[in-house]
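Working notes, structure below.
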Amino acid sequence: MELAVENNGPSLKDESRELKIRLRRSQRRQKMKALLLVAPLFLFTLIVFITPIALMMVRSVESPEVQNAFPETSKALMQWQATELPSVDIYALMVQEIRQSWADKTLSQAAQRINYEDPGFRSLLTRTARQLSRGSAPKTAAEAKALLIKTNAQWGELPTWQVIKNTAPAYTSYYLLTSLDLQKNAQGDIVAAPEDQGIYVNIFLRTLWIAFVVTMICLVLGFPLAHLLANAPSKYANLLMIGVLLPFWTSLLVRTSAWVVVLQKNGLINGLLESIGLINEPLILLFNRPGVYIGLVHILLPFMVLSLYSVMKSIPGTYMRAALSLGAHPVVAFFKVYVPQTLPGVAAGFLLCFIMSIGYYITPALIGSPQDQMISYFIAYYTNNVINWGMASALGAILLLASTLLFVLYARLSNRNQIKMG
Amino acid sequence: MSAVDPIVRFENIQKSYDGEVNIVKNLNLDIERGEFLTLLGPSGSGKSTCLMMLAGFESPTQGTIYLDGQALNKIPPYKRDIGVVFQNYALFPHMSVAENIAFPLGVRKVPKSEIEQRTKKALDMVRLGHLADRKPIQLSGGQQQRIALARALVFEPKLVLLDEPLGALDKNLREQMQIELKHLHENLGVTMVFVTHDQSEALTMSDRIAVFNDGIIQQIDSPTALYERPANEFVATFIGETNVMRGTVEQLINNTCQLRLNSGALIHAEAGAGLQIGQPACLSVRPERIDFTLASDAECNRINGHLAEYIYHGDHIRLRLTLAENDDFMIKVPANHWQGSFTPGQATELCFRASDCRAVPVA
Ligand SMILES: Nc1ncnc2c1ncn2[C@@H]1O[C@H](COP(=O)(O)OP(=O)(O)OP(=O)(O)O)[C@@H](O)[C@H]1O
Ligand SMILES: [Mg+2]
């Protein structure tokens, strides 16, 4: 048997190679067609979605401010060993470029950038610049050094120059490290940030936890509802479906504000509970964690229900009937036969809700206390309040990374399931 | 087959889904222990409904079903111990073939070692032992069918219900599965109730066939009896192929009668039950019972007609004739018996014996 195969080996191999080539060619044609069909959508996504995200990722490591303000000094400082004070030439360059950037109005950005790493630097730079711009330019390098140290003694200290050197490169890991409660020490090693500055890891963990709790509540509430929707006679199912979709027809902001009305101390819920005598004192439901859970669950529940529904709808009733006829108690049949088949929907709904809730902003911002704010609140804070694009982008990038990791995990899991099932 | 100890008894069963129309109208049916009973009927005649009532997925609006003498009305499906094979097989997609077959044993808390051994035995019974670890979706239709069968049999139910289990298979596989199913039935001795709307399938496999139409059992009998002695026009036309002519009963003696066809010819025929003198009746003649060699037999019935079409089928030949009563009259002749020539429009005389035709009440 084996011998015969070996004899025919080469020609068989040739044939199969030929076949493979032909197969690949025909598949390539199909792929091209498919690509052409999705090209418009792809371009749209590329322009309005992928490009901004890529720009954001770049922003999280970009640090052009110091180079913009002090191009020559930056270059020189990057050569400098940082073990002793820089040479007088660097002092001269610095003086000249401080005056120049003050006139060009690029100084304040650089000052702010350096200020992130060394609080107090902004006032040092602005004061220095103001004084320098009043006088005339120094004639020699030595004169420049003396002048600079005269305006502020800090210019005669090594750390001042080290900070500028650190912020001089066009790319920095500062924002990303800070987002993870890390920093570089003077030796350039990555170390944990001091406790009073390290808040982001906790906020990330809080974000993940809130998202997890919300998703679990959605799953527990959504599963029976989706099951009902998928199995009710179409007359009722349609009505129910409208009920599920109704929230989509109202603005998110309106719905969230409505919760404020409903949940407040003398709001609807407390009034109702008090009037039927369940509670004596009003429950505190607003500006705390339960309020955030309630608001988020309300907004994300339809996504969970729809994910589950789409899978449940495609499970024919005969599976349950078959299980019953084989002697399984309805409860056993439900958990052993029905539930496993809904798992793709559970996974999809879980992931969708989870990813949506880790990025949620408006609801926690409106009905949460400061201790309930999620990471997106801080992204908004950095974008709108203090205009620190670097930090906003870094936090965003880490959020995106977390979502992507989750998604990859999900894709892996669901792929494996499909192979197992198929 | 006596009705002494039926395994299932339908007593005055009625079923309506909407409260207006009775899908099943007063059904009385005994299923004998160990028999292969087929419910045969056109689409929508209520066969599946009967089967689902027996399995417990639908409840009768009136009447009682007994299984082994016990009224089933209040017994939920999972306690009935009835194996069901569904048309789409309903193999659980997330379980392997072996897990599917082990499922009914698992829920019955059968010891592990026994489960393994019985699963293996069931797989071997349908000759698919080598596929134990596959997922159902990796099997062909015929293989899935056999697994579904093995799963419905593995817990040794008193009764197995099969709702058009072969409907999705192609013709060859279907015929092969029919025989396999029949052998399984003979070897296991289990009672099987089989639903189909394919009459040839019913004829091949069944001990008895219940012909359904309009929620009523038209006739329940052995395949031969149904074919040879249909009780009414519906059964005569539904089972096998037949030529129908209408007339009036003129004379009725025991099991024979004389029928005056609407065209005027007088026919001697076997008489079905329920005929009355002076009442209209329907004459059924099977295409293969027309014999050209009978021309000299004085006893036989004769009708005149014209040849209209000649259709070659390899093993036999079909001739279509136009008659005064029926312009779609078919004759089936074995190919080796056919010597005549065919000219369209040629006048010819048909002969058939009185014992080869049957008068039944009109439907
Ligand atoms: N769940 C149901 N609700 C309402 N009407 C139904 C239901 N199931 C069946 N029917 C109706 O009952 C009638 C009989 O249906 P049934 O399924 O018993 O027919 P059947 O003989 O099995 O036909 P087929 O050969 O097409 O399977 C049909 O008219 C059908 O429309
Ligand atoms: Mg049916």
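What you see is a predicted model; the values in this text were computed from it and never measured. Scope of the values below: all heavy atoms of this structure, side chains included, with no hydrogens, waters or symmetry mates. Numbered from 1 within each chain, the chains take letters A, B, ... in sequence-line order.
Other residues, nucleotides and ligands contribute at most 12 non-hydrogen atoms within 6.0 Å of the CG atom of B:Asp133. In this structure, A:Glu18 places its CD atom where only 12 or fewer heavy-atom neighbours from other residues, nucleotides or ligands lie under 6.0 Å away. Taking a 6.0 Å sphere around NE2 of A:His298, one finds it holds more than 12 heavy atoms contributed by other residues, nucleotides or ligands. In B:Lys120, the NZ atom is not crowded: 12 or fewer heavy atoms of neighbouring residues, nucleotides or ligands sit closer than 6.0 Å. Within 6.0 Å of the OH atom in A:Tyr236, the count of heavy atoms belonging to other residues, nucleotides or ligands does not exceed 12. Around CZ of A:Phe334, the count of heavy atoms belonging to other residues, nucleotides or ligands within 6.0 Å exceeds 12.
Using a 4.5 Å heavy-atom cutoff, the side chains of B:Arg151 and A:Leu326 are in contact. Between B:Tyr89 and A:Thr318 the shortest side-chain heavy-atom distance does not fall below 4.5 Å. Inter-residue side-chain proximity for B:Phe103 and A:Lys336 is flagged as met; some heavy-atom pair is nearer than 4.5 Å. For the pair A:Ser325 and B:Phe57, the minimum side-chain heavy-atom distance is below 4.5 Å.
Residue B:Asp81: no heavy atom, backbone or side chain, is found under 4.5 Å from chain A. With a 4.5 Å cut-off on non-hydrogen atoms, B:Arg108 touches chain A through its side chain but not through its backbone. Only the side chain of A:Val332 has a heavy atom closer than 4.5 Å to any heavy atom of chain B.
The ring pair (Phe, Tyr, Trp, His ring centres under 6.0 Å) search around B:Tyr78 returns A:His329, not counting sequence neighbours.
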Applying side chain to side chain contact (heavy atoms under 4.5 Å, CB included) to A:Tyr319 and B:Leu91, what does each step give before you reach the verdict? CA-CA 7 Å; A:Tyr319 288 122; B:Leu91 293 177; 5.8 Å; no
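No donor-acceptor pair under 3.5 Å is formed between the side chain of B:His94 and the backbone N or O of A:Tyr338.
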